[in-house]
Amino acid sequence: PDPLFAATTEMEMYTHLFNKMASTCFEKCASRKHKEEDLALGEMSCSDRCVSKYLEAQEKVGVVLQKANEAQMKQQQNFADMQNALGG
Amino acid sequence: PDPLFAATTEMEMYTHLFNKMASTCFEKCASRKHKEEDLALGEMSCSDRCVSKYLEAQEKVGVVLQKANEAQMKQQQNFADMQNALGG
Amino acid sequence: PDPLFAATTEMEMYTHLFNKMASTCFEKCASRKHKEEDLALGEMSCSDRCVSKYLEAQEKVGVVLQKANEAQMKQQQNFADMQNALGG
Amino acid sequence: LEQMQMKDSLSMYNNLVERCFQTCITSFRSKSLDKHETSCVEHCAARYIKMTQRVGLRFAEHQALQQKRAADAAGAGR
Amino acid sequence: LEQMQMKDSLSMYNNLVERCFQTCITSFRSKSLDKHETSCVEHCAARYIKMTQRVGLRFAEHQALQQKRAADAAGAGR
Amino acid sequence: LEQMQMKDSLSMYNNLVERCFQTCITSFRSKSLDKHETSCVEHCAARYIKMTQRVGLRFAEHQALQQKRAADAAGAGR
């Protein structure tokens, strides 16, 4: 695979992750009344904790996804081995 | 038009459709409490029916969209004919 | 920067804006019961006002975004000036 | 350009399906659409297309007005 | 093709994170996930992957059936 | 890279408009924004930009920490 493509795709993924995180933490932490032009202290500390939890959730999901991928590959390998044994 | 582009675009469309369908059927059928690691039987049969209904809805919408496109083309054709008649 | 790329990107942005606007105004103005095949008069005039408000909101947001960009650039300039002063 | 239009119309298709499914289908006790769901999906799609066309007209009017204003401003500035 | 698959799996990753975060995390009084939130996020991801696989099977069955119908129709038309 | 940034900033623009419109505009009885809606939209946009900047800082801190950890682990492994 093309290394430049891989790098671009990874960067796109991080940009996308960042945008979703910013959007979700805004929804969860910012009052929807928008009376002030600035963020209140409570809204800012809420968003700090939100980022921290979001990144932790990202790690946990990564582990689950990795395991699922490995399980799927193993299954495909078993299937290929079985076919070889039957064919050989 | 480029046939490779057309094929890629069509595949992207199916991937997109599939992702939306999976996401929607998960929302509609999976309990949001996530107490178990596995899906319950009821959740699985709900998702089978959800897929079936989703694909049927896709067909119906396709027919409506087709008709709308044809109506629009006919209108444009009429307009062009009229202009020719006036200009000729 | 590539002028063709810039033009394509700008057009994509307008397409995207248009799609979001159509989607949002449909959600806000069309009855979700879909009993008729046609739009009612009230739904159509609601959507006209919705478009008008949407484009006005887009302008207001554009001004805020512009100001934020200018503030950020000024800050970076100040920072660079300070570094030059300290380094010179 | 033609490629962008093709992408747009396919993505409009998917969005229509998703939107009208979400609005019209709420029960998953059977595997086929009933009469009520079918007509809801068909009307939803037809109505969405009509509203998109109307929104498109209004959008085009707005852009034409803006260009006229920009041209007038450029003319006045000379 | 390989590039599309890579993009798809990365976008699936982001979507999983977003979806399971939205469903499972509602309190922002601490900066770490508690036990309940952690298990909810992990189960949510595992369950979503399983449902996606099942939906994929049903979708493939449907497409195979459609191709068969198209082939039969072409055969009958000869 | 520059192209990606340009796309990002344009897509941020559209998202801001959509989000702040959805939050602030609920009535469609007039065709112009009233005072209250205008200030809501403007504050919403300004606040979203500020929160995005803050989230960006926290994200950068997190990534720096992760790279340091990875480097330390590689050093310890030697």
Tell me whether [X] at atom [atom1] has more than 12 heavy atoms from other residues, nucleotides or ligands lying less than 6.0 Å away.
X: D:Gln63; atom1: CD; answer: yes
X: B:Phe5; atom1: CZ; answer: yes
X: B:Leu41; atom1: CG; answer: no

Go through B:Glu12 and D:Leu10 one step at a time and tell me if the side-chain contact (heavy atoms from CB on, under 4.5 Å) criterion holds. CA-CA 9 Å; B:Glu12 269 180 22; D:Leu10 285 176; over 6 Å; no
Is there side-chain contact between [X] and [Y], with heavy atoms separated by less than 4.5 Å?
X: D:Glu37; Y: B:Lys53; value: yes
X: D:Phe28; Y: B:Ser52; value: no
X: B:Gln58; Y: D:Phe21; value: no
X: B:Val63; Y: D:Glu42; value: no
X: D:Gln22; Y: B:Glu27; value: yes

Nearest 0.5 Å please: distance from the CG atom of D:Asn14 over to the OH atom of B:Tyr14.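 Spacing of CG (D:Asn14) from OH (B:Tyr14) equals 9.5 Å.
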Separation of B:Lys60 NZ from D:Cys40 SG (nearest 0.5 Å):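 Rounded to the nearest 0.5 Å, the SG-NZ separation comes out at 13.5 Å.
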Salt bridge between D:Lys31 and B:Glu56, side-chain N to carboxylate O under 4.0 Å?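 Result for this pair is no, no salt bridge flagged.
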Go through the atoms of D:Ile49 and report whether side chain, backbone, both or neither lie under 4.5 Å from a heavy atom of chain B.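 Side chain only.
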Which atoms of D:Ser30 come close to chain B, meaning under 4.5 Å heavy atom to heavy atom: side chain ones, backbone ones, both, or neither?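 Answer is both: backbone and side chain atoms of D:Ser30 are under 4.5 Å from chain B.
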Heavy-atom distances under 4.5 Å only: say whether B:Ala68 touches chain D with side chain, backbone, both or neither.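 Just the side chain, heavy atoms under 4.5 Å.
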Considering all heavy atoms of both residues, which atom of D:Val41 and which atom of B:Ala57 are nearest to each other, and what is their separation?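 Residues D:Val41 and B:Ala57, closest heavy atoms: CG1-O, 4.2 Å.
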Nearest atoms (heavy-atom pairs only) where D:Ala46 meets B:Val64: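 Nearest pair, atom of D:Ala46 first, then B:Val64: N-CG1, 3.7 Å.
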Looking at D:Met12, D:Lys50, D:Gln53, D:Arg29, which one has more heavy-atom pairs under 4.5 Å with chain B than the rest?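 Top option by heavy-atom pairs under 4.5 Å: D:Arg29.
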